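Just so you know, these numbers come straight off a predicted model, no measurement behind them.
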Amino acid sequence: MSDILNDIDEALKRDKAEKFWKENGPTLIAGAVMLVVFTGIFSGWNAWKAHTARQQTAILMDAMTGTNQPQDLITAADLLKGGPRAMALLNAAGDHIRNDKQADAMALYNTLADDGSVPSDYRDLARVMGARIAFDTRTDATDLKALYAPVAKIANDAKNPWVLHAAIQAAIIAGEGLNDYKGALNHLNVVLQSETAPASMKERARALDHIYVLRLSEQK
C-alpha cells in the first residue's frame, strides 16, 4: 500500500514540475540568456574601460615628460577625457604661471572650469585658481561680484575638497575688492575653525582676519 502511495506522490510531483516548467520555462530560459548576455557586456565594458584608462594615462605621462611645454600638455588634452584631461590642463596652466604668463594660465583655467566632461572637483579647482589670477590682475572693468560668486559657492560647500582654498580667496575678494569685511571674516572663520587646514593656511587666515576686523571697526 505504501508503495502505491509513494508512486502516486511521485506522479503528482512530476505533474507539478511539468506544469511549472510549461508555465515558467520560457521565462526562466530568457532570464538565463539575458544574464549571460549582460554578464558578457559588463565584462567587456570593464575591459574596455581598463584599456582606455591605460591609454589615457600613457598619453598624459608622455605629455608631462615632453620637451615642448606647455604645448605638449595642451595638445594631449585634446586627446584626453575626464581626470587625465583635467590634469593636462592644470599642469599646462601651472607652466604658464611659472613663465609669468598669467593671461594664458587663466584662459586654460576658464576652459577647464567650463568643461562639463571632467569631474566637478577639477572644475572647482580651476575656478578657484582662475579667480585668484583674475583678481590679482583686475582692472577697473573687472566685475568683482561675478568673480566672487562662484568662489563663494565653493567656499560655502563644506563637502567640497577645495573649500579651504576657496574660503581664503573668497575672503580676499570680499575684503579687498568689495569692502565686505563681515563677509570676508565669515569665510576666514571656516579656515580658522578647520581641524585639517595646514598651519601656513591658518597663519594667513589669522593675518587677514586681524586686518579685516580693524577695517570693519573703522567702517562702523
Side-chain angles (χ1 to χ4, degrees), residues 53 56-57 59-178 180 183-184 186-188 190-191 194 196-198 200-201 204-205 208:
Q56 297 269 297
T57 301
I59 293 172
L60 177 60
M61 294 304 295
D62 285 344
M64 291 180 69
T65 57
T67 57
N68 183 25
Q69 299 296 353
Q71 191 55 49
D72 287 342
L73 287 163
I74 295 172
T75 300
D78 291 336
L79 305 174
L80 299 171
K81 298 179 181 179
R85 172 174 167 78
M87 290 299 298
L89 291 174
L90 287 171
N91 277 278
D95 195 80
H96 277 316
I97 291 174
R98 286 188 292 273
N99 291 310
D100 200 28
K101 296 182 178 179
Q102 308 297 328
D104 291 334
M106 188 165 64
L108 290 179
Y109 285 136
N110 290 340
T111 295
L112 179 54
D114 294 336
D115 190 344
S117 70
V118 304
S120 60
D121 288 350
Y122 292 107
R123 298 201 305 272
D124 285 343
L125 175 58
R127 290 186 180 101
V128 175
M129 298 297 290
R132 180 178 301 173
I133 295 175
F135 186 73
D136 289 344
T137 59
R138 66 190 181 281
T139 66
D140 291 340
T142 302
D143 187 343
L144 294 177
K145 290 184 178 180
L147 185 63
Y148 169 77
V151 182
K153 182 178 180 180
I154 298 170
N156 291 329
D157 181 2
K159 295 182 179 180
N160 195 292
W162 312 114
V163 59
L164 298 178
H165 296 276
I168 290 287
Q169 191 57 48
I172 292 173
I173 298 174
E176 302 298 325
L178 299 172
D180 178 9
N186 287 336
H187 288 307
L188 292 172
V190 173
V191 179
S194 171
T196 60
S200 59
M201 182 179 287
R204 187 182 186 193
L208 290 170

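Nearest heavy atoms, N91 versus R98: O-NH2, 4.2 Å. Here the shortest heavy-atom pairing between A134 and L147 reads CB-CD1, 3.6 Å. Between L108 and A92, the closest heavy-atom pair is CD1-CB, 3.6 Å. Listed here is the closest heavy atom pair of L112 and R123: O-CG, 3.5 Å. Summarising the geometry of A86 relative to Y122, their closest heavy-atom pair is CB-CG, 3.4 Å, with the distance given to 0.1 Å. The minimum heavy-atom distance between L60 and P84, with the atom names listed, is CD1-O, 3.9 Å.
For the atom pair CE of M64 and CG of D62, the computed distance is 11.0 Å after rounding to the nearest 0.5 Å. Note that the CZ atom of R132 and the CD1 atom of I173 stand 10.0 Å from one another [nearest 0.5 Å]. From M61, atom CE reaches atom CE of M87 across 10.0 Å, with rounding to the nearest 0.5 Å. Here the straight-line distance linking atom CE of M201 with atom CG of L188 works out to 11.0 Å at 0.5 Å rounding. Note: I154 CD1 to W162 CH2 = 10.5 Å, rounded to the nearest 0.5 Å. Atom-to-atom distance recorded for R85:CZ and L90:CG is 11.0 Å, nearest 0.5 angstrom.
Defined by atom type and a distance below 3.5 Å, a donor-acceptor pair is present between the side-chain atoms of N99 and D95.
The backbone N or O of V190 lies less than 3.5 Å from no partner atom in the side chain of S194, so there is not a single donor-acceptor pair. A donor-acceptor pair is defined here as one N or O able to donate and one able to accept, closer than 3.5 Å; such a pair exists between the side chain of Q69 and the backbone of A63. At least one donor-acceptor pair under 3.5 Å links the side chain of Q56 to the backbone N or O of L79. In this structure, D72 contributes its side chain and N68 its backbone to a donor-acceptor pair below 3.5 Å.
Residues H96 and I133 form no side-chain contact, since every pair of their non-hydrogen atoms from C-beta on lies 4.5 Å or further apart. Using a 4.5 Å cut-off on side-chain heavy atoms (C-beta onward), F135 and L144 make contact.
The number of heavy-atom neighbours closer than 6.0 Å to CZ of R204, taken from other residues, nucleotides and ligands shown, is 12 or below.
Checked options I59, L73, V118; the residue passing with L80 is I59 (criterion: side chain to side chain contact (heavy atoms under 4.5 Å, CB included)).
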